[in-house]
Amino acid sequence: MLNADLRPLARLPLLFLGMLSLLVGVLAGLARFGVALPLPVASQAGAHGALMISAFFGTVISLERAVALARGWAYLAPLAAGLGGLSLLLGMPLLLSQLLLGSAAAIMSLGSLLIARRQPALFTVTLALGALAWLAGNLFWLVDGVISSAVPWWMIFLVITIAGERLELTRFLPTPLLAKRLFAAIIVALLGGAALATQQALGLQVLAGGLLALAMWLLRYDIARRTIHQEGLTRFIAVCLLSGYGWLAWGAWLGLGGGFAPGDAQRDAALHSILLGFVLSMVFGHAPIIFPAVTKVRIPYHPFFYLPLLLLYLSLLLRVATDASAWRQAAGIGNALALLLFVLTMLVSVARGRRDTPL
Amino acid sequence: MSEIQQTTSPTALPGAEELRQTLRQALSQVIDPEAGMNIVDLGLIYRLEVTSEAVEVDITMTSPACPLGEMIIDQATAALRTALPAGLEVDMKLVWSPPWEPARMSDHAKVHFGW
């Protein structure tokens, strides 16, 4: 039974479990901006990063990987990550959440290593390294007890995972060997920077340099540069990608100036240019194909998809541009509304898909 | 599309080659949304064979880490069913060996992607 794939409908509860962490994680982020929220949510303010990255993204990325693996045991990863988030929300002992999230990352790492063994290639190894970065972040959180120790690892968990998936798609293009080597060197710089950052502040700058190089690499070699000339969903995805790379470059630039350091005035802007501007762009672009792949629910494209993306970028521009706390609070609310609009857009599209093609 | 194996089994129907063409046409309606290119030109169809009972297809994906496989297989199966004469079943298998490589793309796809 542990070897059999999970039916699409049975995957939905895992997705909802992850979305619960997303919901409270976003509200906890708003609480940090001083938005008045009920105590059960406001008390999660300190867990914002853990809920957003480890619990929410951990759940959905490990779910996506489990669908690709098509093995029952691989779904234990999103289950453990989702439960790890839930135990945070319920205020259970922190150690329990950390162990659940650590187990989730270990299972996903194992699955990703199996994929790399099945098809040894730079992109499969990159994906496995991304999973291991998640594991490293969870372990540092467990050992140090503070989230800031985990943040560089969690950030590169998302960035390396996305980079690996983009690299896979560049195989359609005649990418020079030198470019592939450069890509490998960038991944090493990201991992090395995160590792060094555990000892020295310089590590964060190495990490930022790696991120900037990666943004340039993706802008130069990603297939999106071609697919942006197509139409419909393919073009929308390309727009999300290319603009996301711009945000990655901007966040990395701020990081080079010291913006990743805890307590730095630019830390919020640096981290969220990457984690909202870059990572959420990838989510907005790919949800219309990944969500149907995971759940077998159709999401037909509509030009309206551009609206949440635009709202995200405008509110994020405000967030990185202003120092005034009132404006930053408004920007944070705008970020949350962009996400809400995106979820609503997806739900309306699901309804449209059902109406157009009765199954 | 020389990449697709030109096998005809002893039980092949008369007119099987025309049917193969029709089916290939049907499969080329299935697009990889990220690449913006159809699965036949991408070289994902390793084998397409028509027997008296079924059309047998071996299909691959460019990456074992990609969750889109199941959905593309469903779409490809649906596309074949619309073009299939009554009484024939679709027997589609996901294969990983040999792994996909860019050389499997059609000339059309290669030119499109700048090779």
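Chain letters run A, B, ... following the sequence lines, proteins first, then strands; residues in each count from 1.
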Heavy-atom cut-off 4.5 Å, strictly under: side chain, backbone, both or neither for A/Ile223 against chain B?
side chain
Which portion of A/Leu241 sits near chain B, non-hydrogen atoms under 4.5 angstrom
side chain
Under the side-chain hydrogen bond (donor to acceptor under 3.5 Å, both in side chains) test, residues paired with A/Trp247 that sit two or more places apart
none
When only pairs under 4.5 Å are counted, which of B/Ala65, B/Pro99, B/Ala109 shares the most heavy-atom pairs with chain A?
B/Ala65
Show me, pair by pair, the donor and acceptor atoms from chain A and chain B that are under 3.5 Å apart.
unit_1, atom_1, unit_2, atom_2, d
A/Arg11, NH1, B/Glu70, OE1, 3.2
A/Arg11, NH2, B/Glu70, OE1, 3.3
A/Arg11, NH2, B/Glu70, OE2, 3.4
A/Arg166, NH1, B/Glu34, OE2, 2.6
A/Arg166, NH2, B/Glu34, OE2, 3.4
A/Glu168, OE2, B/Thr62, OG1, 2.7
A/Arg171, NH2, B/Thr62, O, 2.3
A/Phe172, O, B/Trp115, NE1, 2.6
A/Arg226, NH1, B/His112, O, 3.4
A/Gln230, NE2, B/Gly36, O, 3.4
A/Gln230, NE2, B/His112, NE2, 3.4
A/Thr234, OG1, B/Pro33, O, 2.9
A/His286, NE2, B/Glu34, OE1, 2.9
A/His286, NE2, B/Glu34, OE2, 3.0
A/Lys296, NZ, B/Asp74, OD2, 2.6

For B/Pro33, which atoms come within 4.5 Å of any heavy atom of chain A: side chain, backbone, both, or neither?
both
So which part of B/Leu42 gets closer than 4.5 Å to some heavy atom of chain A, the side chain, the backbone, both or neither?
side chain
Over all heavy atoms of both residues, which pair between B/Pro67 and A/Val67 is shortest? Give the atoms and the distance, please.
O-CG1, 3.9 Å
Are more than 12 heavy atoms from other residues, nucleotides or ligands located less than 6.0 Å from atom CG of A/Leu178?
no
Using a cut-off of 6.0 Å, state whether more than 12 heavy atoms not belonging to A/Met19 lie near its atom CE.
no
Can you name the side chain to side chain contact (heavy atoms under 4.5 Å, CB included) partners of A/Ala106, sequence neighbours left out?
A/Leu135
CH2/A/Trp217 to CG/A/Leu182 distance, rounded to the nearest 0.5 angstrom?
8.0 Å
Kindly compute the distance separating CG (A/Leu169) from SG (B/Cys66), expressed to the nearest 0.5 Å.
7.5 Å
What residues, two or more places apart in sequence or in another chain, satisfy ring pair (Phe, Tyr, Trp, His ring centres under 6.0 Å) together with A/Tyr306?
A/Phe236
